[in-house]
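For reference, the structure is listed below as structure tokens.
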Amino acid sequence: MQLYDQQVLKVHNSLSGQKENFKPQNPGHVGMYVCGPTVYSNVHLGNCRTFMSFDMIFRYLRHLGYKVRYVRNITDAGHLVDDAEDGEDKIAKKARLEQLEPMEVVQRYTLDFHNILAKFNLLPPSIEPTATGHIIEQIEIIRDILEKGYAYEKNGSVYFDVIKFNATYEYGKLSGRKLEDMIANTRELTAQDEKKSPQDFALWKKAEPQHIMRWPSPWGDGFPGWHLECTAMSTKYLGETFDIHGGGMDLKFPHHECEIAQAEASNGKSPVSYWLHANMLTLNGKKMAKSTGNSILPGEIFTGENTIFSKPFSPAVVRFFMMQAHYTSILDMSNDALLASEKGYHKLMGAMAQVERLNTANHTHMEVTAWKQSCYDAMNDDFNTPVLIAKLFDAVKHINLIKEGKESITETDQKTLLETMRQFVHDVLGLEENVTHGESTEKLGAVVELLIQMRKKARENRDFTTSDHIRDQLAELGIQLKDGKEGTTYSLG
RNA sequence: GGCAUCGUGGCCGAGUGGCUAGGCACAGCUCUGCAAAAGCUUGUACAGCGGUUCGAAUCCGCUCGAUGCCUCCA
């Protein structure tokens, strides 16, 4: 019997606007697709939050025992800058500006992306396909949609016929828009005379002679429309219908709306059971934008090389900060908020390190089994990580009381407590101590223990100059000593 | 202008038609050689204005504000 049979997971489905019981199409298996980044610059912190949210979801599904195929793409072509500039590709533009090969740009920022996500302790997806690696699949889908009559070719470009599609299906159901309203609110755009209607979107775009990124197709040399890649890759790796599609709130319209339209037009089926959208991250109450200076790169937070925060913050602290908010809420990042999270994070990790060393007795002052279920209840409620963290802090309080000898715990409960804490903190929330375990850490620990013994002796001799010197010097190195009833412990960093 | 999400105590953030999370900060106390750590105690907040209700911060309406999107813009 798997955990997922014992726990009832509810997820907020953007398509229905409701929390629904999660039931995968194939029992025990989950197919999940998340829109990845366009690799034309350093990964945005807001993007990190989105990917971190889905990483947590991926982790929890796995923890429940599901076999999850998690696909997250890399957009390395097909993203246009703006139509006024005859549709220059973002990658190509960056390449031109930096005098690089397009693939050089892709390589550089893909590496940056992976590097940052690894620091945030994100698990790699099961498959990470690229748009340029799936041109053939995209052409096939265009062909299919053309055949079904929901697209038309014009001067070497192919457009999706939204009005025709809307006659049979419903365009706008995800974002709550009505096609009539959209038509009424359309602003005048230039250079789109090829389209029958302004609502139509490109499936294939003809490449102008100077365009570097181009592929041959039945309609001439060109490149695929942005929305198509996700349809092609999700279909290829997860099938015509799959369980979860995720992405940032900003992608709901038009991107995800178009994905639904493409899939329905080509195979008549709604592709996704549950649409999940992660909300945005703001900085000091304002949206992040390079133009206003209200912006920061993840790397700049880790190193402290920025003018926004008073000190560097570790990736784990930032991750903990983000996990303290629900993924569907707008989260505001500020210096004060990070400082608060940093203290809370260390308190949590400090208590966790104590569980193993707890003295056991024949009575437990804590309903461990009920507490454990309350952790699941939090996560089952649409991945409510802030509530989960509140539950974890309940345990922290008990751990500290037991450590002080004011409460007790049985050996069985201690085992359960430790296992549950580890599962939720490490496996689900993805929070790991930054300290790398190894020979050097062991040696460091031994040295600190030695100093603790020396300090203890000094204190017994009332040589407080020496004892305080040891304490203060260690503190300067980031090693904090904690005196307790049962002796002195320490924490690194 | 339209669509969407939201507006919670000093800060960050859960939650819910009545029993009012959690973290951080602040104050007092306990412990301590002094600190730190830890524990205990104290906070009745829910943008504004109306309405529904025995009762709303939670439901409805309006106003104000924030964030995202409005078609080739991620």
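Each chain gets a letter, A, B and so on, in the order the sequences are listed, and its residues count up from 1. Because the structure is predicted, anything quoted here is derived from the model rather than measured.
Under the 30°/60° scheme for interplanar angles, the aromatic rings of A/F383 and A/Y327 are found to stand perpendicular. Between A/Y169 and A/F165, the two ring planes are parallel [angle under 30°; tilted spans 30° to 60°]. Taking the six-membered ring for Trp and thresholds of 30 and 60 degrees, A/F201 and A/F160 have nearly parallel ring planes, at less than 30 degrees apart.
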Dot-bracket encoding per residue of RNA chain B, Watson-Crick/G-U cut-off under 3.5 Å, | denoting interstrand | (((((((..(((.....[...)))..((((.......)))).....(((((..]....))))))))))))....

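B/A35 atom P lies 20 Å from atom CD1 of A/I470, rounded to whole Å. Distance NZ (A/K10) to C1' (B/G15): 16 Å, rounded to an integer number of Å.
Applying the 4.0 Å criterion to OP1 and OP2 of B/C11, one finds that A/S334 has every side-chain N and O outside that range.
Contact annotation for A/L338: no contact, since no heavy-atom pair falls under 4.0 Å across all strands. Residue contacts shown for A/D468 include a base, since a base heavy atom lies under 4.0 Å away.
The line from OH of A/Y376 to CD of A/Q423 is 5.0 Å long, rounded to the nearest 0.5 Å.
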Sugar-phosphate or base contact per nucleotide [nucleotides 19-28 of chain B; S, B, -; heavy atom under 4.0 Å] = --BSBSS---

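Of the residues in residues 159-167 of chain A, A/Y159 come within less than 4.0 Å of RNA chain B through at least one heavy atom, sorted by number.
Judged by distance alone with a 3.5 Å cut-off, no donor-acceptor contact links the side chain of A/N400 to the base of B/A37.
Ring centroid separation for the pair A/H256 and A/H277 comes in under the 6.0 Å cut-off.
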Chi angles and distances behind the salt bridge (charged side-chain N to carboxylate O under 4.0 Å, His left out) call for A/D55, A/R319 | CA-CA 11 Å; A/D55 179 63; A/R319 182 167 179 129; 2.8 Å; yes

